Amino acid sequence: MGITQAHCARRRLLGTLVIALVLWAGSWRIIYLEVTRWHHMDSHLRFAPPPVPPGNPPPSAGLPVITALVVAALAPLAALVTALLLVKVIRARSGRNRR
């Protein structure tokens with residue numbers, strides 16, 4: 001019995017779902033650390049730099065902070081869409097088997 005196209009699609013969707021969930025959890029862990037330990041962000045998830053000595057340019061959010069915020073915003077959506085597609089593929093497969 002060979003691997004069917006539906007089986008491959010299901011495995012890809014499951015892999016994508018796992019990756020999206022790991023990214024979601026990881027990004028929120030980094031945001032938690034940014035707020036509580038490193039104090040680069042405030043409790044409203046805004047960049048909160050430390051006081052700057054006079055004459056220095058104001059600091060801005062770096063790539064890790066920006067990336068964590070973008071991933072934290074997009075990963076839940078990606079996980080939800082992937083889970084819905086996975087359910088649709090599984091239901092289509094089970095409906096085909098009943099006939």
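All values reported here derive from a predicted model rather than from experimental measurement.
Here the CG atom belonging to Leu33 is positioned 10.5 Å from the NE2 atom belonging to His39, to the nearest 0.5 angstrom.
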Donor-acceptor list for residues 53-82 side chains, cut-off 3.5 Å, not counting sequence neighbours:
| unit_1 | atom_1 | unit_2 | atom_2 | d |
| --- | --- | --- | --- | --- |
| Thr67 | OG1 | Leu63 | O | 2.7 |
| Thr82 | OG1 | Ala78 | O | 2.7 |

Side-chain atoms of residues 9-24: list all donor-acceptor pairs with protein atoms under 3.5 Å, sequence neighbours left out, distances to 0.1 Å.
| unit_1 | atom_1 | unit_2 | atom_2 | d |
| --- | --- | --- | --- | --- |
| Arg10 | NH2 | His7 | ND1 | 3.2 |
| Thr16 | OG1 | Arg12 | O | 2.8 |

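Residues meeting the salt bridge (Lys or Arg N to Asp or Glu O under 4.0 Å) test with Arg37, sequence neighbours left out: none.
When all heavy atoms of Leu45 and Trp28 are compared, the pair lying nearest together is CD1-CH2, 3.8 Å.
The cluster map of Ile, Leu, Val, Met, Phe, Trp and Tyr, joined by side-chain heavy atoms under 4.5 Å apart, puts Trp38 and Tyr32 in the same cluster.
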